[in-house]
2 protein chains.
Amino acid sequence: MNYGLFNLCIIMNLKDGLSHYSNLSPVEIDKSLSLFTPEKLRAKEYFLKQGKVSDKIGFLEFGMLRSFFYDENGNDITTHFFQPGQIIISMRSFNAQLPSKENIMTIEESSLLVITYKNMIALYEKIPVWREITKMVDEHKFNQLNKRSIQLQTLSALERYQLFCEKNPLIIKSVPLRYIASYLGIDIATLSRIRKKI
Amino acid sequence: MNYGLFNLCIIMNLKDGLSHYSNLSPVEIDKSLSLFTPEKLRAKEYFLKQGKVSDKIGFLEFGMLRSFFYDENGNDITTHFFQPGQIIISMRSFNAQLPSKENIMTIEESSLLVITYKNMIALYEKIPVWREITKMVDEHKFNQLNKRSIQLQTLSALERYQLFCEKNPLIIKSVPLRYIASYLGIDIATLSRIRKKI
DNA sequence: ACAATTGTTTGACAAAAGTCAAAAAAAATG
DNA sequence: CATTTTTTTTGACTTTTGTCAAACAATTGT
């Protein structure tokens with residue numbers, strides 16, 4: 001059982017990831033995977049809508065998604081990007097089964113392996129190790145968020161953008177700049193000027 | 001079982017909190033509390049040091065603590081304030097038993113109820129409901145951090161400070177401004193000017 | 001109580017980031 | 001492939017925030 005599971009990246013699929021990084025047996029892996037169903041989404045389709053209780057999470061095979069919400073002025077605020085190999089989840093809504101405060105939407109055509117909340121619970125009963133896997137995902141998400149929070153707290157717009165580029169070359173390539181600007185808390189015009197400077 | 005548990009605030013102690021907000025029986029509560037030991041700390045004492053694996057968490061009865069780290073220039077960056085009624089924990093270090101990236105230190109004289117990692121594990125075995133309580137604490141911490149992250153992303157220095165004052169009157173009263181400035185990602189001189197403006 | 005230390009405010013200035021509007025470029029659509 | 005539509009860049013300007021140093025205030029230890 002290993003944190004690498006959630007940095008799988010593009011190369012690996014869910015099955016290979018589980019066999020490399022979890023200590024599930026091949027039989028358990030097959031039993032687990034039978035509860036996931038493939039789902040294809042076109043660009044700009046919702047995976048989760050603000051206000052609804054999240055009833056599923058997904059493992060992203062390929063494509064790109066983002067989570068966002070609308071602030072009091074109707075601005076679209078991006079809060080997260082989801083890359084291949086990552087778990088698509090709204091932690092608060094899925095874990096506590098509360099109405100979501102954010103949308104999750106594809107940026108481009110995407111392919112996921114989806115498991116419903118009901119099946120996830122079933123999985124916990126059948127294969128208790130999955131509780132640990134979930135715990136690891138949650139911890140990983142917490143640590144990511146913590147890093148992000150510290151970056152927003154301590155870095156200038158320029159530094160945030162530079163670090164983001166360094167750590168997320170894939171996102172830079174395939175995501176509209178205005179989403180990245182909003183994610184970094186920078187005005188789109190300012191980001192444009194920062195880019196010119198580099 | 002109820003989220004109110006982690007917004008107990010000053011009025012309530014751990015015992016009352018557990019009996020009001022958890023569904024532990026009185027016997028279970030007493031059994032649980034026997035694994036917590038009182039700990040008094042003077043001002044500016046460490047509860048946890050950067051680099052060490054956290055071996056305990058605490059419930060704060062009274063006093064005030066903060067977590068912080070030193071950045072590459074040696075600046076002291078405050079990442080969190082802990083108020084009475086809250087759980088003192090470094091999530092990453094305690095949950096995953098990894099070396100801590102942050103310090104936790106009292107700001108003023110404080111009184112805690114402390115439980116060691118070993119005893120926490122014992123508690124999970126004796127009273128499995130504690131796994132759920134922990135899960136709720138973790139979820140609550142995640143949601144708090146998520147809020148904070150969005151505030152850093154979307155609000156101006158002035159707005160961040162105003163919101164902070166509104167939500168944390170106790171902290172404003174008893175914590176040096178430079179800690180608050182650092183927590184909000186604002187230069188101390190800028191914060192001083194913001195305060196004059198209000 | 002007094003010196004020493006630590007914390008906060010202020011001034012003068014510089015740099016960073018935001019605003020609004022228009023132009024340019026790129027992407028989507030028929 | 002030409003035309004909408006969307007996205008990005010740019011210009012001119014304003015506002016916000018940071019920097020450095022000094023003055024001032026508060027707190028602490030002896």
Side-chain angles (χ1 to χ4, degrees), chain A residues 41-45 63-64 66 68 70-78 81 105-110 150-165 168 171-198, chain B residues 41-45 63-64 66 68 70-78 81 103 105-110 150-165 171-198:
Chain A
L41 292 173
R42 307 200 154 279
K44 306 223 170 190
E45 275 195 82
M64 185 81 70
R66 71 185 179 111
F68 66 100
Y70 295 104
D71 71 8
E72 61 284 0
N73 307 315
N75 299 313
D76 168 329
I77 312 288
T78 294
F81 295 106
M105 186 185 252
T106 53
I107 293 172
E108 54 186 45
E109 191 186 355
S110 302
I150 289 170
Q151 285 165 16
L152 288 166
Q153 181 186 352
T154 60
L155 303 182
S156 69
L158 176 92
E159 292 169 322
R160 296 201 299 277
Y161 178 69
Q162 282 182 321
L163 193 58
F164 185 85
C165 290
N168 304 282
I171 298 179
I172 290 293
K173 275 196 223 322
S174 54
V175 169
L177 275 178
R178 77 205 155 91
Y179 295 159
I180 294 168
S182 138
Y183 176 76
L184 296 174
I186 307 171
D187 186 273
I188 174 74
T190 300
L191 180 58
S192 181
R193 292 191 175 96
I194 284 172
R195 281 160 51 80
K196 203 165 79 173
K197 200 153 63 177
I198 303 176
Chain B
L41 293 173
R42 308 200 154 279
K44 304 223 171 190
E45 274 197 81
M64 184 82 68
R66 69 183 180 111
F68 65 99
Y70 295 104
D71 71 8
E72 62 283 2
N73 305 316
N75 299 313
D76 167 329
I77 312 287
T78 294
F81 295 107
N103 303 284
M105 185 184 252
T106 52
I107 293 172
E108 54 186 45
E109 190 187 355
S110 301
I150 289 170
Q151 285 165 16
L152 288 166
Q153 182 186 353
T154 60
L155 302 181
S156 69
L158 175 91
E159 292 169 322
R160 297 202 298 278
Y161 178 67
Q162 282 182 321
L163 193 58
F164 184 85
C165 291
I171 298 178
I172 290 292
K173 274 196 224 322
S174 54
V175 169
L177 275 179
R178 75 204 156 92
Y179 294 159
I180 294 169
S182 137
Y183 176 75
L184 296 174
I186 307 172
D187 186 274
I188 176 73
T190 300
L191 180 58
S192 182
R193 291 188 176 98
I194 284 172
R195 282 159 52 81
K196 206 166 76 169
K197 200 153 64 175
I198 304 178

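To find a chain, count down the sequence lines: A is the first, B the second, and so on, and within it residues start at 1.
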Verdict with reasoning, Y161(A) to R195(A), per side chain to side chain contact (heavy atoms under 4.5 Å, CB included)
CA-CA 9 Å; Y161(A) 178 69; R195(A) 281 160 51 80; 2.9 Å; yes

Step by step, would you call R160(A) with L152(A) a side chain to side chain contact (heavy atoms under 4.5 Å, CB included)?
CA-CA 7 Å; R160(A) 296 201 299 277; L152(A) 288 166; 3.8 Å; yes

Show, in sequence, the C-alpha distance, side-chain angles and deciding distance for D76(A) and Y70(A), and conclude whether the side chain to side chain contact (heavy atoms under 4.5 Å, CB included) test is met.
CA-CA 5 Å; D76(A) 168 329; Y70(A) 295 104; 3.9 Å; yes

Sugar-phosphate or base contact per nucleotide [nucleotides 6-24 of chain D; S, B, -; heavy atom under 4.0 Å]:
-SSBBBB----SBB-----

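In this structure, the CD atom of E159(B) is 17 Å from the P atom of dA17(C), given to the nearest Å.
Judged by the 6.0 Å distance and 45° axis criteria, R66(A) is not positioned over the aromatic ring of Y183(A).
Between the Q153(B) side chain and the T78(A) main chain, a donor and an acceptor come within less than 3.5 Å of each other.
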